Number of protein chains: 2
Amino acid sequence: MSSDESSISLLIVDDHPVVRDGLRGMFESAPGFVVLGEAAGGEEALERAAALDPDVILMDLRMPGGGGVAAIAHLTRIGARAKVLVLTTYDTDSDTLPAIEAGATGYLLKDAPRDELFTAVRAAAEGRTVLSPAVASRLVSAVRTPKAHGNEPLSAREREVLALVAKGTSNREIARELFISEATVKTHLTHLYAKLGVKDRAAAVATAYERGILG
Amino acid sequence: MSSDESSISLLIVDDHPVVRDGLRGMFESAPGFVVLGEAAGGEEALERAAALDPDVILMDLRMPGGGGVAAIAHLTRIGARAKVLVLTTYDTDSDTLPAIEAGATGYLLKDAPRDELFTAVRAAAEGRTVLSPAVASRLVSAVRTPKAHGNEPLSAREREVLALVAKGTSNREIARELFISEATVKTHLTHLYAKLGVKDRAAAVATAYERGILG
DNA sequence: GCCGCCATCGACCGATCGGCTGATGTGCCT
DNA sequence: AGGCACATCAGCCGATCGGTCGATGGCGGC
């Protein structure tokens, strides 16, 4: 360890100063933790991590400066000693799986109780995986359905529906346009949501463009 | 005119056979009209138009085979004699303006009464512009707000919101993510919808990708 | 023959969205 | 000083969406 005896050294990464201060205060006032520094973005996080050599990095995923996931992946790639504990606001975050795949040791929600946070950091420092219940349940369902973020091809009908969705067409309009019922349109949508690993039409359109299905 | 005296010759373009049959029957049973042929898509429409030289082309905009708008633009570009009367299902169609800009002589809804259709075709044959009331009102509002389909740049905040929308984030989540209220998120959305000329988040994401704002 | 994928439909429900009206404050440009 | 774009917020409302059951039929592979 880089810090004395049982103390766990931390690097806090979040684009919100308020959050950084909150975390810093929380851990500085608790025994057994040392906050080495802070970073506001992915790149800065990598610099600080290299310079400070923390035991655990508390990291938010969503940062304007850029990829929390990318930073985690980089740390993993270079075999960094630090364990990354993702601290995010919502379990609905679409980057949950990518973050874990990238090498995050744990994934917690910001609204977790203080004690849970402390426990989680200690666990992470020892290399044990820590997941908040909500995230854990999402993970199992993701494993149960590996296609959750996979490349399952869309059927012709599904692509047809998706194309109309991208034009701002409502389900009812799509139904009449395609000579099917609204229920069927919704069925196609639910299916293609699953295949694309998204949860609404906006994200479906985005993913479709990313994969070249549209545009 | 290519047909005898007062008869107006027609080309019917629609991807739905049912619709084509319906239109054909309607016009064949009415005096003063001659249906020269049909086409199921944009390209086929261009071929038939060149071969048959109709007075008026009745064209649906939404066709899987591809661009009704593109076909109209092509006809205009080569200075075709035929007048194009767009016959679509919904006035909400996002291609209304592009179609008219491309050179469509008229724009009608399919649920228009028979007589209105006949009148419209005769008017189109004479080169007079025909718009269904709903479309007309949309047009004036579009003129009143030229940015409706323009390239108004998005503000930084709007792009930020849009990026989250593309990830499937709900308004409430966006609000907390950005430390603003849900009302504000909705305001940003309404504004960027207007700037992009769309009416929902899915279409906004699509347009954003088309214009390189996202991805 | 059975199984899986696809397409089709119905019904219900809560959550969310989008439209509307209107308001406040800030900064920038003229 | 006045105008204008931007960002912020409130409340209300109907329309729409997305989820979750379940069900049918066709088609192709095994």
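In what follows, every chain begins at residue 1, and chains take the letters A, B, ... in the order their sequences are listed. Keep in mind it's a predicted model, so treat the numbers as computed, not measured.
Where N171(A) and E182(B) each meet DNA chain D at their nearest nucleotide, the meeting point lying more 5' is that of E182(B).
Nucleotides of DNA chain D that come within less than 4.0 Å of any heavy atom of chain A span, from the 5' end to the 3' end, dT16(D) to dG19(D).
The side chain of S181(A) places an N or O atom within less than 4.0 Å of a non-bridging phosphate oxygen (OP1 or OP2) of dG10(C). Between dC5(C) and R157(A), no contact under 4.0 Å exists linking OP1 or OP2 to a side-chain N or O.
For DNA chain D, the residues of residues 184-192 of chain A within the heavy-atom distance limit of 4.0 Å (strictly under) are K186(A), T190(A), sorted by number.
Here dT8(C) presents its P atom at 13 Å from CD1 of I174(A), a figure rounded to the nearest Å. Between the CZ atom of R172(A) and the P atom of dG10(C) there is a distance of 13 Å, rounded to whole Å.
At a threshold of 4.0 Å, the pair E44(B)-R48(B) counts as salt-bridged, since one of the basic side-chain nitrogens sits closer than that to a carboxylate oxygen.
Side-chain contact of T187(B) with T184(B): a donor-acceptor pair under 3.5 Å is absent, judged by distance alone.
The side chain of Y193(B) sits closest to dG19(C) out of dC6(C), dG19(C), dC9(C).
Contact record, M59(B) with A45(B): CE-CB, 4.3 Å, taken as the closest heavy-atom pair. When every heavy atom of S181(A) is checked against every heavy atom of A175(A), the shortest pair comes out as C-CB, 3.7 Å. Heavy-atom minimum distance, T190(B) versus K186(B): OG1-O, 2.6 Å.
Each of I57(B), V84(B), L58(B) was compared with V13(B) under the side chain to side chain contact (heavy atoms under 4.5 Å, CB included) criterion, and only I57(B) meets it. None of D21(B), L10(B), D14(B) except one satisfies the side chain to side chain contact (heavy atoms under 4.5 Å, CB included) rule with E38(B); the exception is D21(B).
Within the 4.5 Å cutoff, side-chain heavy atoms of F33(A) are placed close to those of R122(A).
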